[in-house]
Participant: 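First the structure, which I've put down as structure tokens, then a few questions once you've had a look.
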Amino acid sequence: PATLRAHLTGIATRKPVEIWSQDEARIGQKNGLVRQWAKRGTRPRQPADQRYESAYLFGAICPARGTGSALALPFADTMQLHLDEIARTVTKGAHAVLLLDRAGWHTTAALAVPSNITMILLPSRAPELNPVENIWQYLRANWLSNRVFDTYEDIIDAACEAWRKLIAQPETITSITTREWARIGQR
């Protein structure tokens with residue numbers, strides 16, 4: 001809490017604060033394989049693709065609200081678009097604390113951080129601290145693995161559909177991403 005307060009100097013003390021986490025994932029034709037049920041002694045078939053087309057799913061979640069914001073984009077260096085989208089998703093009148101890793105496009109001076117967001121960079125090489133990493137595992141395990149995408153548009157459609165299914169399950173978002181150390185006045 002003391003560290004968080006240090007980051008929020010200048011923010012009205014009575015303004016509601018939402019904790020958000022952000023990350024991006026590459027989704028494409030080189031998808032991973034996941035475990036699946038099969039009769040003992042059999043080897044189930046799993047599709048594999050040798051092509052390299054991919055897109056990036058930028059995702060941010062707010063565990064306390066069980067909601068999120070995402071964009072499917074062709075390149076990973078388009079962070080400004082996602083920041084603007086998150087700013088629109090934050091509850092009106094609230095301020096978002098956005099936890100994110102130290103990717104180059106997160107730390108560039110070219111970013112215009114919206115006034116309702118304060119970015120806090122997580123320690124380097126510590127993906128376990130970012131709850132969105134668990135969202136990527138969940139999306140892949142449930143909707144994105146063991147598939148072959150014929151076109152780039154199919155990749156975008158699958159990523160967007162998986163995100164829409166996730167957003168329709170606020171209790172799942174909260175369950176997967178709540179961290180005891182990343183709460184402020186939230187139960």
Side-chain angles (χ1 to χ4, degrees), residues 19-79 81-83 85-86 89 98-107 121-183:
I19 307 277
W20 285 71
S21 296
Q22 187 279 340
D23 197 26
E24 51 284 323
R26 189 183 65 77
I27 296 169
Q29 293 172 325
K30 281 283 187 213
N31 252 341
L33 302 176
V34 296
R35 296 178 187 263
Q36 66 185 41
W37 289 98
K39 187 176 179 180
R40 184 178 296 270
T42 66
R43 294 187 68 181
R45 290 185 172 194
Q46 293 185 332
D49 200 336
Q50 300 302 313
R51 297 170 293 168
Y52 289 93
E53 194 78 52
S54 64
Y56 288 87
L57 183 59
F58 281 72
I61 50 87
C62 176
R65 289 181 46 213
T67 193
S69 172
L71 294 174
L73 300 166
F75 305 105
D77 61 353
T78 49
M79 182 65 182
L81 295 172
H82 195 222
L83 273 179
E85 183 64 24
I86 296 166
T89 310
L98 184 63
L99 306 174
L100 61 169
D101 62 25
R102 294 175 182 265
W105 47 86
H106 297 166
T107 59
L121 299 174
L122 295 168
S124 298
R125 295 177 198 79
E128 66 277 6
L129 295 177
N130 193 337
V132 182
E133 295 289 350
N134 299 107
I135 292 293
W136 302 144
Q137 288 176 324
Y138 183 81
L139 293 181
R140 286 186 173 109
N142 289 282
W143 301 303
L144 295 173
S145 290
N146 296 335
R147 296 179 63 177
V148 172
F149 303 111
D150 290 327
T151 65
Y152 175 78
E153 289 75 23
D154 291 341
I155 296 167
I156 294 291
D157 290 344
C160 291
E161 180 63 23
W163 188 265
R164 281 191 291 270
K165 287 178 179 178
L166 175 72
I167 292 300
Q169 302 174 28
E171 66 286 343
T172 300
I173 295 171
T174 299
S175 172
I176 292 173
T177 60
T178 298
R179 301 293 186 272
E180 211 44 53
W181 55 265
R183 296 167 56 162

Participant: Could you tell me whether the side chain of His106 reaches within less than 4.5 Å of the side chain of Met79, counting heavy atoms only?
Facilitator: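 Of all side-chain heavy-atom pairs linking His106 with Met79, at least one is under 4.5 Å.
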
Participant: Let me confirm one number: the SG-CD1 distance from Cys160 to Ile155, rounded to the nearest 0.5 Å.
Facilitator: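 Output value for this atom pair is 11.5 Å.
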
Participant: Determine the minimum heavy-atom distance between Trp163 and Gly59, stating which atoms define it.
Facilitator: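 For Trp163 and Gly59, the tightest heavy-atom pair comes out as CH2-CA, 3.9 Å.
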
Participant: So, for Thr178 and Pro63, which heavy atoms are closest and what is the spacing to 0.1 Å?
Facilitator: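 Closest approach of Thr178 to Pro63: OG1-CB, 3.7 Å.
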
Participant: Quick check: do Asn130 and Leu99 have side-chain heavy atoms less than 4.5 Å from each other?
Facilitator: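 Not in contact.
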
Participant: Between Trp143 and Tyr138, what is the ring plane arrangement, given parallel below 30°, perpendicular above 60°, and tilted in between?
Facilitator: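 Plane angle over 60°, so perpendicular.
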
Participant: Looking only at heavy atoms, what is the nearest atom pair of Pro131 and Ile61, with distance?
Facilitator: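 For Pro131 versus Ile61, the nearest heavy atoms are CB-CD1, 4.4 Å.
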
Participant: Any chance you could measure Leu100, atom CG, to Phe58, atom CZ, to the nearest 0.5 Å?
Facilitator: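 CZ of Phe58 is found 11.0 Å from CG of Leu100.
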
Participant: Taking all non-hydrogen atoms of both residues, which atom of Leu166 and which atom of Leu139 are closest, and how far apart?
Facilitator: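 Looks like CB-CD2, 4.0 Å.
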
Participant: To the nearest 0.5 angstrom, please state how far the CG atom of Asn142 sits from the CD atom of Gln137.
Facilitator: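 Here the rounded value is 11.0 Å.
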
Participant: Between Ser54 (side chain) and Ile27 (backbone), is there a donor-acceptor pair under 3.5 Å?
Facilitator: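 Not confirmed, Ser54 side chain does not pair with Ile27 backbone.
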
Participant: Considering non-hydrogen atoms only, spot the tightest contact between Leu121 and Thr107 and give its length.
Facilitator: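 Heavy atoms of Leu121 and Thr107 come nearest at CD1-CG2, 3.6 Å.
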
Participant: Hey, are the side chains of Ser21 and Thr177 touching, using non-hydrogen atoms and a 4.5 Å cut-off?
Facilitator: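 When only atoms from C-beta onward are counted, Thr177 and Ser21 do not touch, as no gap falls below 4.5 Å.
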
Participant: Taking all atoms of both residues into account, what is the closest heavy-atom pair of Cys62 and Trp20, and its distance?
Facilitator: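 So the minimum-distance heavy-atom pair works out to CB-CE2, 3.4 Å.
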
Participant: With side chains defined as the heavy atoms from C-beta onward, is the minimum distance between Tyr56 and Thr78 less than 4.5 Å?
Facilitator: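 SC-SC contact between Tyr56 and Thr78 ruled out.
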
Participant: Out of Leu129, Ile19, Asn134, which residue meets the side chain to side chain contact (heavy atoms under 4.5 Å, CB included) rule with Arg179?
Facilitator: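 The side chain to side chain contact (heavy atoms under 4.5 Å, CB included) with Arg179 is passed solely by Asn134 among Leu129, Ile19, Asn134.
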
Participant: Once you round to the nearest 0.5 Å, how far does CG of Asp101 lie from CD of Gln22?
Facilitator: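 It is 7.0 Å, given to the nearest 0.5 Å.
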
Participant: Report yes if the side chains of Leu83 and Leu98 come closer than 4.5 Å at any heavy-atom pair, otherwise no.
Facilitator: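 Side chain of Leu83 against side chain of Leu98, heavy atoms only: contact under 4.5 Å found.
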
Participant: Going by atom types only, do Glu24 and His82 share a side-chain donor-acceptor pair under 3.5 Å?
Facilitator: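 Distance-only check fails for Glu24 and His82.
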
Participant: For residues Ile167 and Ile173, determine if any side-chain heavy atom of one lies less than 4.5 Å from a side-chain heavy atom of the other.
Facilitator: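 Counting from C-beta outward, Ile167 and Ile173 do come under 4.5 Å.
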
